[in-house]
Amino acid sequence: MNKIKNLTFAAEGKDRPLFVSEVEDERKIYIVDQTDFDDLSKKSSDPIECLVLEFTENNHELIYRIKQPETFIVMKRGMLHGLLTQ
């Protein structure tokens, strides 16, 4: 069953965050700089800095929050894809 990804708490205090997930594991979600992620001059092998989110799970949804203390990792841009959010 596909669970709802609740990103409300992860977005608190952020001005229009861009959420991306790993191509290999869509449950792993990060916040990235949209300008950096959408830069057409970047290759899929170029690194991008990602703010790590962690989640708790219940019967119907995955609830995401920014990992505390804030943790950044660097991933290849091609290993990520953007999420549609409302």
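Surrounding NZ of Lys76 are at most 12 heavy atoms belonging to other residues, nucleotides or ligands under 6.0 Å away. Crowding of Glu24 atom CD: a count of heavy atoms from other residues, nucleotides or ligands under 6.0 Å not exceeding 12.
Under the 3.5 Å distance criterion, the side-chain polar atoms of Lys28 are left unmatched by any main-chain donor or acceptor of Val23. Judged by distance alone, the side chain of Asp46 and the main-chain N or O of Lys43 form a donor-acceptor pair under 3.5 Å. Proximity of a side-chain donor or acceptor of Ser21 to a complementary backbone N or O of Phe19 within less than 3.5 Å is not detected. In this structure, the side chain of Tyr64 engages the main chain of Arg27 through a donor-acceptor pair within 3.5 Å.
From Gln34, atom CD reaches atom CG of Asp39 across 12.0 Å, with rounding to the nearest 0.5 Å. Here the straight-line distance linking atom CG of Leu62 with atom CZ of Phe55 works out to 5.5 Å at 0.5 Å rounding. Put simply, CG on Asn6 and CG on Asn58 are 9.0 Å apart, with the number rounded to the nearest 0.5 Å.
Using a 4.5 Å cut-off on side-chain heavy atoms (C-beta onward), His60 and Ile4 make no contact. Contact check for Ile29 versus Glu22: no side-chain heavy atoms found under the 4.5 Å cut-off. A 4.5 Å side-chain heavy-atom check between Leu51 and Tyr30 finds every atom pair outside the cut-off. The closest side-chain heavy-atom distance from Leu53 to Arg65 is not below 4.5 Å.
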Step-by-step salt bridge (Lys or Arg N to Asp or Glu O under 4.0 Å) determination, Lys42 to Asp36: CA-CA 8 Å; Lys42 293 201 173 211; Asp36 200 26; 2.4 Å; yes

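At a threshold of 4.5 Å between side-chain heavy atoms, the hydrophobic network of Ile, Leu, Val, Met, Phe, Trp and Tyr places Val20 and Val52 in one connected group.
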